[in-house]
Number of protein chains: 2
Amino acid sequence: MKTVTCTAPVNIAVIKYWGKRDTELILPTNSSLSVTLSQDILHSKTTISAAKEYTQDRLWLNGKEEDITKNKRMHNCFRETRAIRKAMEDKAASEGKPIEPLSTYHLHVCSENNFPTAAGLASSASGLAALVFTLAQLFELTISTSEVSRIARQGSGSACRSLFGGFVAWEMGQKEDGSDSVAVQVAPESHWPELEALICVVSDAKKGTSSTAGMQSTIKTSTLMNERINQIVPARMEAMKKAILERDFQTFAELTMRDSNQFHAVCLDTYPPIFYMNDTSRAIIQLIHEYNASSPDGKLKAAYTYDAGPNAVIYASKEHMPEIIQLIGHYFPSNKELSEFFADPYNVAQGTKLGQDFIPKTHTNFNEKVIPVQPAGSVSRLLHTKVHDGPRVLSEADSLLNAEGLPKRLA
Amino acid sequence: MKTVTCTAPVNIAVIKYWGKRDTELILPTNSSLSVTLSQDILHSKTTISAAKEYTQDRLWLNGKEEDITKNKRMHNCFRETRAIRKAMEDKAASEGKPIEPLSTYHLHVCSENNFPTAAGLASSASGLAALVFTLAQLFELTISTSEVSRIARQGSGSACRSLFGGFVAWEMGQKEDGSDSVAVQVAPESHWPELEALICVVSDAKKGTSSTAGMQSTIKTSTLMNERINQIVPARMEAMKKAILERDFQTFAELTMRDSNQFHAVCLDTYPPIFYMNDTSRAIIQLIHEYNASSPDGKLKAAYTYDAGPNAVIYASKEHMPEIIQLIGHYFPSNKELSEFFADPYNVAQGTKLGQDFIPKTHTNFNEKVIPVQPAGSVSRLLHTKVHDGPRVLSEADSLLNAEGLPKRLA
């Protein structure tokens with residue numbers, strides 16, 4: 001039996017992916033660009049073991065066995081990685097140095113997220129990235145990370161961007177077979193380590209449209225979408241890469257906010273319209289614009305972005321994060337214990353009462369009434385995190401499977 | 001002293017006006033099209049008197065005197081109508097048949113809306129239309145209604161569409177002086193008298209961006225706006241006119257909803273973004289799409305549209321209005337007396353308890369859980385109205401001014 005355990009991070013796009021030109025191969029209608037967030041706070045962890053003795057492929061997700069036969073996307077990832085392993089095995093055999101025929105073994109996969117799915121944070125990107133990265137490790141595939149990302153893309157589009165740390169572009173590619181639709185690292189996390197993120201988990205009763213269905217509906221019905229795909233995103237991709245390479249937070253922030261808003265604009269231009277943001281999401285946007293507008297030197301200090309849900313991710317420099325946390329904590333008070341509400345691994349709130357000193361001291365023109373203080377619990381959690389590394393290989397001790405290849409923990 | 005009293009209606013656009021190419025002359029970046037709503041429910045009423053004895057122009061708005069010297073838009077309307085009157089006076093004098101030199105007299109203007117400004121319903125269109133229409137009557141101007149609309153346009157852009165009943169296009173025009181930027185009647189109210197409207201007044205704590213400032217911000221910053229102006233609206237104007245002339249509710253409804261959503265999409269694509277709809281507005285949208293989707297013959301039965309605020313206007317045929325009122329009454333319950341909540345001049349709710357029979361009987365696939373029943377008072381008022389006529393000239397008895405030219409009522 002051979003067993004490997006890895007983790008993969010969450011990524012949050014600053015130039016958004018929305019729409020497939022090929023739904024089978026998961027080829028996007030435009031390139032996208034994301035920031036990889038620290039696995040200390042959010043990650044998917046996957047253990048895979050291969051054994052001659054296994055009688056079937058099996059999958060446990062967050063402690064519950066799932067019917068793997070119906071999981072087409074996972075099958076795509078198995079098929080692709082096994083095929084590469086098979087070619088390696090054949091080549092090794094032909095050279096008279098045979099390797100273990102792992103490609104013929106059944107697999108046991110056990111995967112967990114360290115954040116509750118209920119938090120409304122997309123787990124498919126980190127989950128599929130962890131799966132494919134672990135498969136590549138298990139099979140000892142001698143392919144580049146971008147090649148690994150090509151396979152992960154076929155599991156879940158944005159998963160391809162979770163194969164790298166730092167700043168990652170998913171280049172849409174032009175080929176019909178999707179071989180050039182891969183992720184590439186624009187810059188590693190060490191290039192701009194001051195960049196941090198605050199995730200505001202927004203409570204919402206409504207279940208939004210699934211992004212898989214939603215994006216194709218936008219492609220079919222929005223009359224503004226072509227302009228975005230053909231003209232706007234290509235220019236923004238270039239500008240965003242340049243901003244990252246130059247650590248130009250002003251351009252980075254403005255483009256991030258503009259692209260988030262435009263993504264939600266084309267959702268609204270869809271027929272019937274798709275809504276992901278709610279009144280709490282909008283209140284956060286208004287607060288961040290007021291915070292930026294009252295900045296003493298006129299410079300932007302924070303940038304919000306929203307994916308297919310109401311949660312805000314606020315990017316900011318390390319130096320401004322404490323006051324941003326105070327600001328959010330004041331206008332979006334919690335009804336829970338601080339430790340339940342705020343994940344603070346970098347101890348920025350140490351010794352302060354959250355939300356008390358809410359007006360940034362240097363912002364003399366800050367309009368306190370920009371939004372009313374919201375009902376307690378409108379934001380249910382705050383997670384403080386930062387730009388960080390790509391998938392990690394863990395030790396045997398971290399395995400989610402026991403010596404029999406069965407989960408150590410079941411739900 | 002010469003005195004005239006008139007009323008002018010509210011109009012609600014189905015192809016939206018958003019953006020000026022000339023802010024002085026109020027020339028729009030695209031044509032627009034609206035439906036004129038009944039003055040029985042909503043109107044602005046204006047009395048103007050001209051007298052040699054008056055020492056200055058004076059204005060009373062909803063019972064309060066306003067400083068007219070600061071009201072540039074009203075001055076534009078005075079100047080334009082007085083100039084035409086002056087030319088008529090000069091011509092009459094040159095022909096030896098002099099007429100009263102009204103163009104030289106000061107004016108007393110008294111204006112009221114029969115709906116509370118607090119209701120959040122735009123009153124500038126009906127208000128300026130009433131002003132200019134009354135001036136044209138007072139001065140006995142021998143010009144076409146489209147010419148009157150050209151003057152009203154300089155008071156408040158969309159006021160030009162309130163000069164006609166029925167279905168009204170504001171043709172953007174091409175000339176720099178704005179002489180071809182006027183309203184024309186696409187069809188009178190008698191062409192499609194079955195068309196009715198339900199105004200849902202949505203409670204909102206936030207004061208939205210003024211439309212005057214908002215539209216120019218969109219023009220300057222939205223990268224999707226050019227596509228809308230140059231490609232989408234011109235095609236929609238033609239399609240909408242055809243739909244109205246053919247009384248084709250299916251096309252009318254789909255275009256109305258799409259154009260409302262696209263207007264709000266370009267607001268969201270503005271930097272910083274502009275929001276007018278709130279969670280209640282969005283719940284109404286979702287309800288109407290579910291109502292349409294479950295329609296037994298697959299046909300659309302209702303169309304929502306939103307202006308620069310959270311209030312919904314729902315267009316529907318007379319035959320479906322009772323069930324739409326029941327539906328809204330169920331999901332958006334009131335905390336007020338029925339007569340306070342629901343303005344029902346056509347007695348459609350007679351004998352029923354509002355909101356009780358909320359599932360349309362013929363809609364077998366209606367998903368009752370499409371939205372939760374909303375907190376009482378989320379919709380504060382329902383106004384049932386219909387497509388109706390243009391400005392009306394009232395009798396002397398209806399005058400808002402007394403024999404001394406002063407308001408009969410003060411606030």
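Just so we're clear, the structure is a prediction, and the values are computed from it rather than from any experiment. Lettering follows sequence order; numbering is per chain, from 1.
Neither the backbone nor the side chain of B:S260 comes within less than 4.5 Å of any heavy atom in chain A. Residue A:I285 touches chain B through its side chain alone, counting heavy-atom pairs closer than 4.5 Å. Residue A:Q231 does not touch chain B at all, counting heavy-atom pairs closer than 4.5 Å.
The environment of A:K336 atom NZ is dense: over 12 non-hydrogen atoms of other residues, nucleotides or ligands sit within 6.0 angstrom. In the displayed structure, B:N367 atom CG is contacted under 6.0 Å by more than 12 heavy atoms of other residues, nucleotides or ligands.
Distance CG/A:D269 to CD/B:Q262: 4.5 Å, rounded to 0.5 Å. Here CE of B:M277 is found 8.0 Å from CZ of A:R282. Values are rounded to the nearest 0.5 Å. Taking CG of A:D279 as the start and CG of B:D279 as the end, the distance is 3.0 Å to the nearest 0.5 Å. Considering CG of A:N278 and CG of B:N278, their distance stands at 11.0 Å, rounded to 0.5 Å. Note that the OG atom of B:S222 and the CG atom of A:N261 stand 10.5 Å from one another [nearest 0.5 Å].
Proximity of the aromatic rings of A:Y271 and B:H289 is defined here by a centroid distance below 6.0 angstrom, and this criterion is met.
Considering only heavy atoms from C-beta on, A:T223 comes within 4.5 Å of B:R236 through its side chain.
Put simply, of A:E227, A:H264, A:M257, A:E254, the one with the most heavy-atom pairs under 4.5 Å next to chain B is A:E254.
Nearest heavy-atom pair, A:L268 versus B:A265, reported as atom, atom and distance to 0.1 Å: CD2-N, 3.7 Å.
A donor-acceptor pair under 3.5 Å links the side-chain atoms of B:R258 to the main chain of A:T221, judged by distance alone.
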